[in-house]
Amino acid sequence: MDNIIKKMDTLFPSTLTVEDIEKEHKPRPENHTVTRIAPSPTGMMHIGSVYAALISERVAHMANGTFILRIEDTDSKRKVEGATDIIINGLKRYGITSDEGAISATEEVGDYGPYTQSDRYDIYLAYIKKLLQEDLAYPCFCTEDELNDIREQQTKQGLRTGYYGSWAKYKNAPQEVILEHLEKGTPFTVRFKSTGKNFNKRLFDDILKGKRNLPENDADVVILKASGLPTYHFAHIIDDHLMGTTHVIRGDEWLSSLPLHVQLFEAMGWTPPHYGHISPIEIMDDNKRRKLSKRKDPEASVTFYEEKGYPKEAVLEYLMNLANSGFEKFRTENPDESVWNFPFDLQKMGRSGALLDLAKLDSISRDYIGRLSAEELYNSLFEWSETMAPDLYTRMKNDKDYFLNIFKIERENVERVRKDFTNWSTIWHEIDYFFDDSFSPEDGYVAKITEQSPEVIKEFLSDFINHYNEKLSNEDWFSNMKTLAETHGFAPNGKTYKKDPDSYHGTVSDAAKILRVALTGRAQTPDLYSLMQVMGKERVIQRLNKSV
RNA sequence: GUCCCGUUCGUCUAGUGGUUUAGGACAUCGCCCUUUCACGGCGGCAACACGGGUUCAAAUCCCGUACGGGACGCCA
């Protein structure tokens with residue numbers, strides 16, 4: 001073996017030894033909870049990553065522990081330029097703060113780094129060499145084609161696929177064969193030498209799934225790729241040991257490799273962390289449920305929510321809802337508390353996968369926006385529009401007071417705030433009629449929408465214009481309007497109208513509708529009085545004159 | 001194909017053997033409030049996947065079946 005290691009030293013030069021690493025390594029304090037999120041920089045931020053990060057962050061911070069952001073970039077093929085920043089900014093955006101790890105593409109904080117796997121190259125190599133020395137690992141010279149052949153044969157015979165048992169060609173290869181390959185320069189991987197037996201079951205206690213019996217791992221998995229970089233399995237063991245991770249929260253697609261990971265920890269002589277496997281967020285596709293896919297589903301990417309303009313707080317609340325069944329009750333009882341004050345409890349996580357429910361997100365989002373003051377609403381929308389709706393941004397910048405007044409309608413000094421804003425991207429469409437340059441109804445629109453005769457409309461509106469006094473209170477204004485409506489042939493109430501429908505053009509509500517439509521072009525709007533106050537007398541008169 | 005995980009209203013879920021005519025929220029429908037809409041209030045529809053056991057008693061414990069999801073890579 002020493003020959004092999006010597007040979008490897010020339011291939012992958014590194015003088016760092018396990019002894020060096022362990023001498024430098026500071027153990028964490030006793031009973032200090034450490035969790036981490038370990039995304040791959042593939043260029044997009046998956047909503048599932050935010051979900052997993054949120055849960056891990058909560059587990060650590062609820063226990064006054066440490067939350068780490070580690071960048072898992074050992075797959076050079078999938079690595080994308082600038083992707084680390086996307087991850088960092090994505091988490092920051094949702095208020096998920098890490099205590100250690102990458103803080104930008106080039107900087108990191110913490111005493112347990114480096115926190116980017118490609119910078120940990122010689123650490124992995126040191127441990128690989130140790131395993132080789134101890135005969136717990138061995139080089140494998142199989143080509144891709146050979147491995148495919150093995151898989152094919154196994155499938156044909158109805159066997160488990162994998163590099164195990166008698167299929168493990170180089171497991172006990174003679175030294176000469178290995179050295180010969182090394183001399184020739186045959187590319188090779190390093191595989192872990194498993195002693196597990198597939199027919200042995202072992203009990204694992206998952207934080208979320210509970211006690212599970214899983215078969216021992218008997219496959220000699222690759223731990224070092226031909227590129228010299230470790231596989232996920234190996235990097236996970238080394239990093240989480242050295243970084244002192246106590247709780248690994250990850251997607252349940254990893255559950256099958258749990259026996260392998262525990263086996264690796266034990267082979268290194270280390271205690272494995274606690275594991276919690278969370279179910280993925282799913283989507284309904286053609287009447288079938290499946291995991292949200294970043295390729296097929298735009299909803300999988302956080303950019304979807306940014307573009308639609310869901311407030312980040314609303315997205316976070318929605319995720320918290322999925323993560324913890326008690327959250328809804330907490331929110332009902334504490335409408336104004338921050339989500340970060342919710343007593344998150346891992347035991348209250350659902351075991352099965354949840355379907356992404358945008359209607360529920362809408363509802364949470366409406367509630368959230370409804371709780372904002374006009375000023376807060378203005379600021380949030382302004383910030384969003386800078387990148388997502390530049391025209392709106394310019395408009396808001398130039399006309400701040402007008403926007404604030406619009407947002408104050410039925411928002412300030414009322415018992416119940418209206419909830420007609422679902423997200424930032426829909427707001428402009430709700431309020432565009434307030435602006436003269438985007439108010440261009442077609443000819444005869446009032447008659448068309450109200451189904452009143454042009455004469456009635458003309459007479460009622462002309463009279464209204466003559467008597468309009470913007471100084472009046474809502475009550476006085478309305479009672480004047482009511483009187484005016486009656487003189488123009490509208491019944492004061494439904495009861496009167498129903499008694500003799502032929503004698504009236506409608507009720508006072510129909511008269512109000514004429515005004516509403518003339519001013520806004522719509523049959524449904526917020527409170528008429530407030531709306532006219534915000535528009536101002538000049539604009540009101542001008543619009544009414546136009547439709548007379 | 002082999003192995004693993006899961007399954008309570010349409011959706012998210014409460015439920016840990018008797019407190020349950022299975023509770024809440026979102027969605028949906030109806031009514032009320034009301035100058036429209038939204039808000040709010042009240043109410044309706046609506047679920048323990050199926051089959052066997054264990055037990056005086058099962059959504060809850062055990063065993064099968066079905067269905068759904070996942071893993072089986074020099075991806076993570």
Side-chain angles (χ1 to χ4, degrees), chain A residues 38-42 72-75 77-78 117 140 142-144 147-148 151 154-163 187-191 198 206 209 212-215 219 221-233 235-236 250-259 277 279-280 282 284 288-291 318 321-322 324-329 331-332 348 350-364 366 370 410 414-421 430 478 481-482 485 490 493 507-513 515-517 520 522-529:
Chain A
S40 298
T42 57
E72 307 222 321
D73 61 346
T74 56
D75 185 7
K77 278 177 230 123
R78 298 204 307 172
Q117 287 184 336
C140 166
C142 281
T143 61
E144 225 173 285
L147 293 172
N148 287 339
R151 210 172 0 253
Q154 288 168 329
T155 310
K156 221 180 274 171
Q157 296 175 37
L159 298 170
R160 285 184 296 124
T161 53
Y163 199 88
F188 69 95
T189 62
V190 176
R191 287 182 183 271
N198 183 255
D206 188 275
K209 304 267 181 193
R212 292 297 112 138
N213 256 316
L214 303 176
V221 296
V222 172
I223 53 178
L224 190 77
K225 303 186 248 184
S227 63
L229 287 170
T231 57
Y232 169 83
H233 304 300
H236 155 51
R250 65 199 330 186
D252 68 1
E253 69 269 22
W254 291 110
L255 193 58
S256 322
S257 31
L258 181 57
H277 291 91
S279 299
E282 299 172 0
M284 196 62 97
K288 294 207 167 161
R289 278 170 167 257
R290 60 169 172 76
K291 193 171 146 182
Y318 176 66
N321 240 292
L322 292 184
N324 239 210
S325 52
F327 182 72
E328 206 155 56
K329 190 165 179 264
R331 177 50 77 219
T332 315
K348 287 187 178 155
R351 269 102 187 100
S352 51
L355 211 52
L356 180 76
D357 185 358
L358 290 180
K360 180 89 177 184
L361 174 60
D362 281 351
S363 163
I364 290 174
R366 271 195 299 270
E410 288 177 279
V414 287
E415 296 243 330
R416 305 280 176 202
V417 173
R418 51 186 309 116
K419 290 186 196 166
D420 40 10
F421 298 156
E430 296 285 338
F478 185 67
M481 203 274 291
K482 209 167 163 182
F490 291 89
N493 52 53
T507 66
V508 65
S509 130
D510 293 300
K513 191 175 182 184
L515 270 177
R516 172 170 286 113
V517 173
T520 67
R522 305 183 182 196
Q524 288 126 25
T525 71
D527 178 61
L528 243 188
Y529 172 80

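Between B/C39 and B/C32, the two C1' atoms lie 14 Å apart (nearest whole Å). For the C1' atom pair drawn from B/A22 and B/A71, the interatomic distance equals 36 Å after rounding to whole Å.
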Hey, what are the protein-to-nucleotides 72-74 of chain B N/O distances that come in under 3.5 Å?
{"residue": "B/C72", "atom": "O2'", "partner": "A/T161", "partner atom": "O", "Å": "3.2"}
{"residue": "B/C72", "atom": "O2'", "partner": "A/T161", "partner atom": "OG1", "Å": "2.8"}
{"residue": "B/G73", "atom": "OP2", "partner": "A/R151", "partner atom": "NH1", "Å": "3.3"}
{"residue": "B/C74", "atom": "O2", "partner": "A/A226", "partner atom": "N", "Å": "2.9"}
{"residue": "B/C74", "atom": "N4", "partner": "A/C142", "partner atom": "O", "Å": "3.1"}

Under-3.5 Å N/O pairs linking protein and nucleotides 10-14 of chain B:
{"residue": "B/U11", "atom": "O2'", "partner": "A/D357", "partner atom": "OD2", "Å": "3.4"}
{"residue": "B/C12", "atom": "OP1", "partner": "A/R289", "partner atom": "NH2", "Å": "2.7"}
{"residue": "B/C12", "atom": "OP1", "partner": "A/L355", "partner atom": "N", "Å": "3.1"}
{"residue": "B/A14", "atom": "OP1", "partner": "A/S325", "partner atom": "OG", "Å": "3.2"}

Heteroatom pairs (N/O) under 3.5 angstrom, protein to nucleotides 42-50 of chain B:
none

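Of the N and O atoms on the side chains of A/T525 and A/R516, at least one donor lies less than 3.5 Å from an acceptor on the other residue.
Applying the ring-ring contact (aromatic ring centres under 6.0 Å, His included) test to A/Y163 and every residue at least two apart in sequence or in another chain returns nothing. Here A/R522 pairs with A/D432 under the side chain to side chain donor-acceptor pair (under 3.5 Å) rule; sequence neighbours left out. Applying the side chain to side chain contact (heavy atoms under 4.5 Å, CB included) rule to A/A38 yields the partners A/R36, A/R70, A/E72; only residues at least two apart in sequence or on another chain are considered.
With a cut-off of 3.5 Å on both pairing distances, the Watson-Crick or G-U wobble partner of B/U28 is B/G44.
Residue A/T74 is in sugar-phosphate contact alone, with no base atom involved, counting any heavy-atom pair closer than 4.0 Å across all strands shown. Using a 4.0 Å heavy-atom criterion, one finds that A/P280 contacts no nucleic acid atom at all.
Here A/F478 counts as stacked on B/U35: its ring centre is under 5.5 angstrom from the base ring centre and the planes meet at under 30°.
Taking 4.0 Å as the cut-off between side-chain N and carboxylate O, A/E430 and A/R418 do not count as a salt-bridged pair. Under the 4.0 Å criterion applied to side-chain N and carboxylate O atoms, A/K291 and A/E282 are not assigned as salt-bridge partners.
Between B/G40 and A/K419, a contact under 4.0 Å exists linking OP1 or OP2 to a side-chain N or O.
The distance from atom NE2 of A/H236 to atom CD of A/Q117, rounded to the nearest 0.5 Å, is 11.0 Å.
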